[in-house]
Structures are given as C-alpha cells and as structure tokens.
Amino acid sequence: FPSHDMLNAGMVRAIMQDQPNRRYWLGTDQGLFVMDSALKTIATLRHGKGGLRGRMVGDILQRQNSREVWIGHDHGVDIVDMKSLRIVRNIPDSVFINPRVVSMEEDQKGRIWMGTYSGIIGYEPVSGQFHRMGRGNGLINTEYNYKASLRMRDGRLIFGGLNGYDIIDPSKLPFSDLRRKGMITGLHRFKGPVS
C-alpha cells in the first residue's frame, strides 16, 4: 500500500530504483518522493517547502559514477545528493527557453541531454556550457514527451516528440570540447633595462 504522503501526490511520471541505497525515487505532479525498500516515504521534496522549484517531475536520472540524481521538472533541473537527499544545486534558468524538462539522457562523455517543450538541450556539468537544438539544427520536433528518450549502444540518443522522433549524435557536437581560456584582468607596463 502507498504511504500516506503519496495519497495526494497526483500522477506518478517517473520512477527510479536506487540499488546501492535500496530506495525508490518517484517523480509526481507534486514533487519528488523517496521511499525505502518497504515503500515508506523517507524524504519529500516539494515546491514551496525548500524542495523542488517545479511541481511536476518529468524525469529522474542517476548520473554514472556519481552520487547525483538529476530531477527534471517544469521549472528546469535540480540536482540531489543520493546520500543526504538534499538539493545541492540546479541548472541555471538561462540555459532554458521553456524550462519544462520531460526526458534526460547522459552521453558517454558525462554530458546531460534534456528533452524539453522547446527542443533538446545538451549540458556539460563541469564547465556549465550548453548547446540548444531545435528546428534550425534539423530536428523534427520542438516539444518532447515524458520519459521518451534512450541512449543507443552506439552512443547516439533518441528523443520521442509530438511529430515522431529525433536522433542526435553527441560525439559530433563540439560544444563541450572547448577549452576555457584565461581572461586578462589587468595590464602592467614596466620601464627599465631588459635582460
């Protein structure tokens, strides 16, 4: 039977099993619920209670080789630490045109790709660089469906949308390969003999 907290949670849109901690993560219309192996709620992250900025969770992604769980919702993405069950950061609003995130995939280089209601966004967590894709990049869709994405064996990503599906090849998009360059913040000129 569901725990008491889940009775008013609304539609469940995403479920993830956290094997190392023996927990279940449920994304609902009213936020995120984390349950133990007996299906008792041990954490609730909701809008307005210091929790998720969005009310409707669209997808949940556990990053490879990390303790991060990415929660996509109708106001962007919040990142939760698996151990502490606390939100540790979020993706800046400037990354999104329409912040409703409905599907997420991690590519082989650790970049996160998000299907939104305004195209696909690739995000490089280390540098903060991002790459927006839409019709101008040859996509068929601009609006994607909930949990309708998959990373294929060859590394390409497929996202299901309202008009069919789009396949992208992250290895051919160079945005995360750019190196950060130094910035000149001042200049001093010294006079005297050059040795």
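Along the sequence shown, residues carry numbers from 1.
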message = Quick check: is Ile140 connected to Tyr144 through a chain of hydrophobic side chains (ILVMFWY, heavy atoms under 4.5 Å apart)?
response = no

Would you compute the distance between atom [atom1] of [X] and atom [atom2] of [Y] and round it to the nearest 0.5 angstrom?
X	Y	atom1	atom2	answer
Met16	Leu61	CE	CG	8.5 Å
His73	Arg100	NE2	CZ	11.5 Å
Asn21	Asp36	CG	CG	11.5 Å
Met114	Ser149	CE	OG	11.5 Å

ask   = Quick one: side-chain hydrogen bond (donor to acceptor under 3.5 Å, both in side chains) partners of Asn141, sequence neighbours excluded?
value = Asp166

query = Looking at residues at least two apart in the chain, or sitting in another chain, which of them share a side-chain hydrogen bond (donor to acceptor under 3.5 Å, both in side chains) with Ser103?
reply = none

May I ask you to test the [X]-[Y] pair for a side-chain heavy-atom distance under 4.5 Å?
X	Y	answer
Lys147	Arg13	no
Ile168	Leu139	yes
Trp113	Pro170	yes
Val80	Trp70	no
Val95	Asp93	no
Leu85	Arg23	yes

Grab the two heavy atoms, one from [X] and one from [Y], that are nearest each other, plus how far apart they are.
X	Y	result
Phe96	Ile91	CE1-CG2, 3.8 Å
Met133	His131	CG-CD2, 3.5 Å
Tyr123	Pro92	OH-CD, 3.9 Å
Trp25	Ile60	O-CD1, 3.6 Å
Arg151	Gln108	NH1-N, 3.7 Å
Arg132	Ser94	NH2-O, 2.7 Å

Can you tell me if [X] uses its side chain to pair, donor with acceptor, with the backbone of [Y] under 3.5 Å?
X	Y	answer
Ser66	Glu68	yes
Asn98	Ser118	no
Arg63	Gly110	yes
Asn90	Val77	no

Show the atom names and distances, to 0.1 Å, of all donor-acceptor pairs under 3.5 Å that link a side chain in residues 156-165 to residues at least two apart or in another chain.
unit_1, atom_1, unit_2, atom_2, d
Arg156, NE, Asp154, OD1, 3.4
Arg156, NE, Asp154, OD2, 2.7
Arg156, NH2, Asp154, OD2, 3.2

task = State whether Arg86 and Asp81 are salt-bridged, where the test is any N-O pair (Lys NZ or Arg NE/NH1/NH2 against Asp/Glu carboxylate O) under 4.0 Å.
result = no

task = Please check if atom CE in Met11 has more than 12 non-hydrogen atoms from other residues, nucleotides or ligands closer than 6.0 Å.
result = no

request  = Please list, chain by chain and in numerical order, all residues satisfying side-chain contact (heavy atoms from CB on, under 4.5 Å) with Gln19, sequence neighbours excluded.
outcome  = Gln17

ask   = With sequence neighbours left out, what residues match Ser37 under side-chain contact (heavy atoms from CB on, under 4.5 Å)?
value = Arg22

request  = For salt bridge (Lys or Arg N to Asp or Glu O under 4.0 Å), just list the numbers for Glu105 and Arg111, CA-CA rounded to whole Å, side-chain angles, deciding distance to a tenth of an Å, and then say yes or no.
outcome  = CA-CA 8 Å; Glu105 294 295 330; Arg111 299 174 291 194; over 6 Å; no

query = In the hydrophobic clustering that connects Ile, Leu, Val, Met, Phe, Trp and Tyr at side-chain heavy-atom distances below 4.5 Å, which members other than Ile97 occupy its cluster, ordered by chain and number?
reply = none

